[in-house]
Structures are given as C-alpha cells and as structure tokens.
There are 2 protein chains.
Amino acid sequence: MNEKKRIHILETAMVLFNQNGFDSTPTSKIAKKAKISVGTLFNYFPTKSELIQAIYVEVKIHSRKTFLIHLKDNASEHDNLQSMWKAVINWGVDNPEEFKYLEMFSSSPYINQFKNEKTLETYQKFRESILEALSPTSICNEYPKYLLMYIDNALHAATRYIINNQHIHNVDHFINQSFDLIWHGFVKK
Amino acid sequence: MNEKKRIHILETAMVLFNQNGFDSTPTSKIAKKAKISVGTLFNYFPTKSELIQAIYVEVKIHSRKTFLIHLKDNASEHDNLQSMWKAVINWGVDNPEEFKYLEMFSSSPYINQFKNEKTLETYQKFRESILEALSPTSICNEYPKYLLMYIDNALHAATRYIINNQHIHNVDHFINQSFDLIWHGFVKK
DNA sequence: AAATAAAATGACTGATTAATCACTTATCAA
DNA sequence: TTGATAAGTGATTAATCAGTCATTTTATTT
C-alpha cells in the first residue's frame with residue numbers, strides 16, 4: 001500500500017463522482033482513469049461504498065485544517081464570525097471539486113452512515129463557538145439548531161454563487177456583503 | 001390510460017424514491033408496490049427518467065397552486081413577503097413527501113434537464129415580485145440572484161427544521177421568528 | 001353474442017455492474 | 001542468487017436492472 005497512490009485514487013474518483021454521480025461512475029472507469037487495475041482499486045478500498053466515504057473523510061480533514069487557523073480567541077464576536085465566514089467561503093472557492101463533493105455527499109444516502117460520527121465531532125466545537133457568540137442576543141435564539149442550519153445554508157449559497165458566477169468583479173466585496181446580510185439579521189434592534 | 005392510475009403510480013414511486021433514492025429504486029419494485037405489472041408501468045411512462053421528471057412536474061404544479069393564493073397586490077412589501085414565507089413553509093410541512101422529493105430532485109442530475117424550462121417560468125414571476133420588493137433598499141442589492149438563493153435556502157432550512165423537529169411547541173411562532181431573522185437582515189439601518 | 005380495440009401482464013433479454021481470485025510482477029532481505 | 005512476501009492484474013462471475021413483446025384479459029362497439 002502506497003499513500004500517494006491512495007490519494008491519487010481518491011482524487012481521481014472524486015472528479016469522476018462529481019461529473020457523473022455515484023451510481024453512474026463504475027469502478028472500472030475509476031481504475032481506468034487512475035491508470036490502475038480494478039483489482040488494485042479493491043485492494044485499496046474493499047468496497048465502492050468505502051471509497052466514497054474515504055473521499056468524504058479526506059475532504060473534511062483537509063477543510064478543517066484550513067478553518068481552524070482562522071479562529072482567534074481574543075477577537076470580538078463580529079470579527080471572529082466574519083473571519084470564519086471568509087475562510088469557509090474562500091476554501092470552497094479555492095477547492096471547487098472538494099466543495100462540490102461535500103454538497104453531493106451531504107445530499108446523498110451515504111451521509112446517513114456519518115451522522116453522530118467522529119468527523120462531525122470536531123466540527124461540533126466549531127459550531128458551539130458560533131452559538132456562544134450568537135445565541136444570547138440574536139433573533140431566533142430560542143432555536144440554536146436552526147441558527148446553525150441557517151448559517152450553514154447561507155455559507156453554501158454564497159460559495160455556490162461565486163463558483164457559478166465567476167464574472168463577479170470584486171469577490172471580497174461580495175463576501176463582505178453576504179456576511180453583512182446575515183450579521184445584520186442577528187443583531188436585535 | 002387512466003389518470004387516477006397515473007397519479008397512483010406517481011405517488012407510489014415518489015414514496016419509494018424518497019426512501020431509497022433514484023438509483024436504488026428498481027422499476028420492478030415500483031410496479032410491485034403499485035400493484036401493477038412492469039409492462040403497465042412502462043405503458044404509462046416510457047422510461048424511468050420520464051417517470052422521475054413527471055413526479056417533479058406534478059409536485060411543482062401542486063405547490064404552485066397553493067402559493068399563488070397567498071400573494072396580494074395591495075399589501076405592503078413586508079406583509080406580502082411574510083405571507084409568502086408562511087405559505088411556502090406550511091406547504092412543505094403539510095406535504096413532507098412532496099417537499100423531500102423536491103429537495104432530492106433539485107440536488108440530483110435530473111434537475112439539469114429542467115433549467116430554463118416552462119415549469120420554472122411561472123416561478124420566475126414569483127421571484128421577480130420578491131426582488132421588486134427587496135432589491136431597491138436591501139443590503140446585497142447588487143446581487144439579486146444571490147438574494148433569491150439566500151431566501152430559497154432559508155425557506156428550505158426552516159421547513160426541514162420543522163419537519164425534523166416535530167416536538168416544536170409553537171410552529172407559528174418559529175415561522176415568525178425565522179422570517180424576522182431574514183427580514184431584519186434586509187432592512188438597511 | 002360476436003368482433004374489435006385497448007389495457008395489462010410478466011417472463012425474458014441484453015447490457016452493466018461490483019467484486020473475486022487465480023495468476024503475474026516487483027521488492028528486498030538473507 | 002534465491003526465496004519469500006507484497007502489490008498489482010484483468011478476465012470472469014453472479015447479480016441486478018431498464019426496457020421489450022408475445023400473449024392474455026378487459027372494455028367497447030356492432
């Protein structure tokens with residue numbers, strides 16, 4: 001087993017899955033594009049399902065590394081949430097394949113095998129720090145779970161918007177505006 | 001051909017597709033559950049793909065009927081958007097299977113065959129009236145397409161939240177709060 | 001009641017698939 | 001050089017699936 005080859009298989013498969021979906025991407029095509037045999041593919045990943053989930057885990061680990069850099073304890077709630085906002089969106093824009101894969105995986109039946117799992121635990125802390133910042137004063141503070149869904153959805157929408165409209169002149173300005181829109185909603189008058 | 005049987009097939013297939021996804025629901029199972037033969041199924045819908053899309057069209061037509069009732073010309077922007085907000089969410093909560101199907105279809109490759117299509121045109125007017133109400137004054141008014149995505153995502157999140165958390169005591173109160181959260185974001189200070 | 005048309009049936013086909021496994025090739029320590 | 005282990009191969013297998021079609025059943029007309 002060779003870690004570089006493993007990553008190579010994961011990346012090749014991710015691109016093909018993004019292009020054709022999980023069920024329309026036969027293992028034979030993945031092997032062909034990765035220039036290995038089907039047998040080798042199944043040496044590295046015992047089942048197609050495990051391959052699909054291994055990609056998810058890899059992408060999650062990769063994205064988490066980027067996000068954690070941007071959390072600072074001493075900053076204000078506004079600044080912390082804003083820098084998180086920018087970091088998450090920029091990661092998606094810089095890694096569109098990974099971003100697309102996360103969206104596809106999350107809206108597929110495979111995600112169910114991941115509910116209440118380790119990978120989500122580290123994100124949990126991330127989420128808790130968002131809630132600590134927002135919940136006490138925000139509109140909707142009775143529904144913290146909804147607040148998280150709401151932020152998550154807006155983050156995804158903003159990222160998708162940039163990826164699908166690459167003609168946007170000033171991406172940073174858009175990101176700031178999208179943050180203001182959501183932040184503005186939170187602050188009680 | 002019998003319209004009642006056609007609807008029966010559509011409803012049966014919708015439930016199975018929701019349970020197992022498009023690719024893990026063989027036509028044979030749909031026929032079995034609908035208590036017809038595979039042959040009959042293919043008499044009504046020449047291909048599986050056409051069945052999948054026929055369900056989408058049917059659900060869209062059904063949902064549109066409900067929404068249109070709630071638009072009033074004489075009301076204020078706030079009241080109009082709020083009553084739209086309530087109507088859309090309540091439709092989803094009252095029709096969870098249909099709602100789930102729309103979400104699944106929209107995040108599947110089948111949706112691509114529907115971009116720039118008639119079914120979306122009637123929704124287009126709906127969207128335009130939202131933009132007319134919001135864009136001129138709102139934060140993010142430079143990005144009207146994003147505003148629509150943002151509202152759409154929030155609507156879906158709120159609906160999903162209610163469906164997945166049926167213990168919520170006062171659903172109306174939650175819907176109002178979720179609307180305030182988003183409306184509050186729009187209004188410039 | 002007989003003739004005709006329409007609707008329904010389900011065993012079957014051909015294509016595709018994930019996964020296997022008997023075999024070959026590469027690696028490397030003794 | 002040898003022998004042992006690990007890595008890689010791809011034809012093959014067994015299963016599944018969308019879609020077909022010759023036949024039967026039901027409905028309608030004459």
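Between the side chains of Glu103(A) and Ser106(A), no donor-acceptor pair is found at a separation under 3.5 Å. Side-chain contact of Ser37(A) with Thr40(A): a donor-acceptor pair under 3.5 Å is present, judged by distance alone.
Distance CG (Leu51(B)) to P (dC17(D)): 16 Å, rounded to an integer number of Å. Between the P atom of dA18(C) and the CG atom of Asp23(B) lies a distance of 11 Å, rounded to the nearest Å. Going from atom CZ of Phe22(A) over to atom P of dA18(C) covers 13 Å, rounded to whole Å. At whole-Å resolution of the value, NZ in Lys48(A) and P in dA18(C) are 4 Å apart. At whole-Å resolution of the value, CZ in Phe42(A) and P in dA22(C) are 17 Å apart.
Relative orientation of the Tyr146(A) and Phe174(B) rings is perpendicular, given thresholds of 30° and 60° on the angle between their planes. The aromatic rings of Phe105(B) and Tyr56(B) sit parallel, their planes meeting at an angle under 30°, below the 60° perpendicular limit.
Of the residues Lys100(B), Glu98(B), Glu97(B), the one that meets the side-chain hydrogen bond (donor to acceptor under 3.5 Å, both in side chains) test with Asn18(B) is Glu97(B).
Near DNA chain C, meaning a heavy atom under 4.0 Å from it, residues 5-17 of chain A has no residue at all. If you check residues 25-41 of chain A against DNA chain C, the residues with a heavy atom closer than 4.0 Å are Thr25(A), Pro26(A), Thr27(A), listed by number.
With distances taken from any side-chain atom of Asn43(A) to the nucleotides dG19(D), dG8(D), dA19(C), the minimum falls on dG8(D).
A 6.0 Å sphere centred on NZ of Lys145(A) holds no more than 12 heavy atoms belonging to other residues, nucleotides or ligands.
Where the helix from dA1(C)-dT30(D) to dA30(C)-dT1(D) starts and where it ends, the local axes point in directions that differ by 0°; five pairs per end, rounded to 10°.
Looking at Glu11(B) and Lys33(B), no side-chain N of the basic residue comes within less than 4.0 Å of a carboxylate O on the acidic one, giving no salt bridge.
Proximity of Tyr44(B) to the phosphate of dA7(C): no side-chain N or O atom is located under 4.0 Å from OP1 or OP2.
Using a 4.5 Å heavy-atom threshold, the side chains of Leu134(A) and Trp183(A) count as touching.
From His62(B), atom NE2 reaches atom CG of Asn95(B) across 5.0 Å, with rounding to the nearest 0.5 Å. We find the CZ-OG1 distance between Arg64(A) and Thr66(A) to be 10.5 Å, quoted to the nearest 0.5 Å. Considering CE of Met14(B) and OH of Tyr101(B), their distance stands at 8.5 Å, rounded to 0.5 Å.
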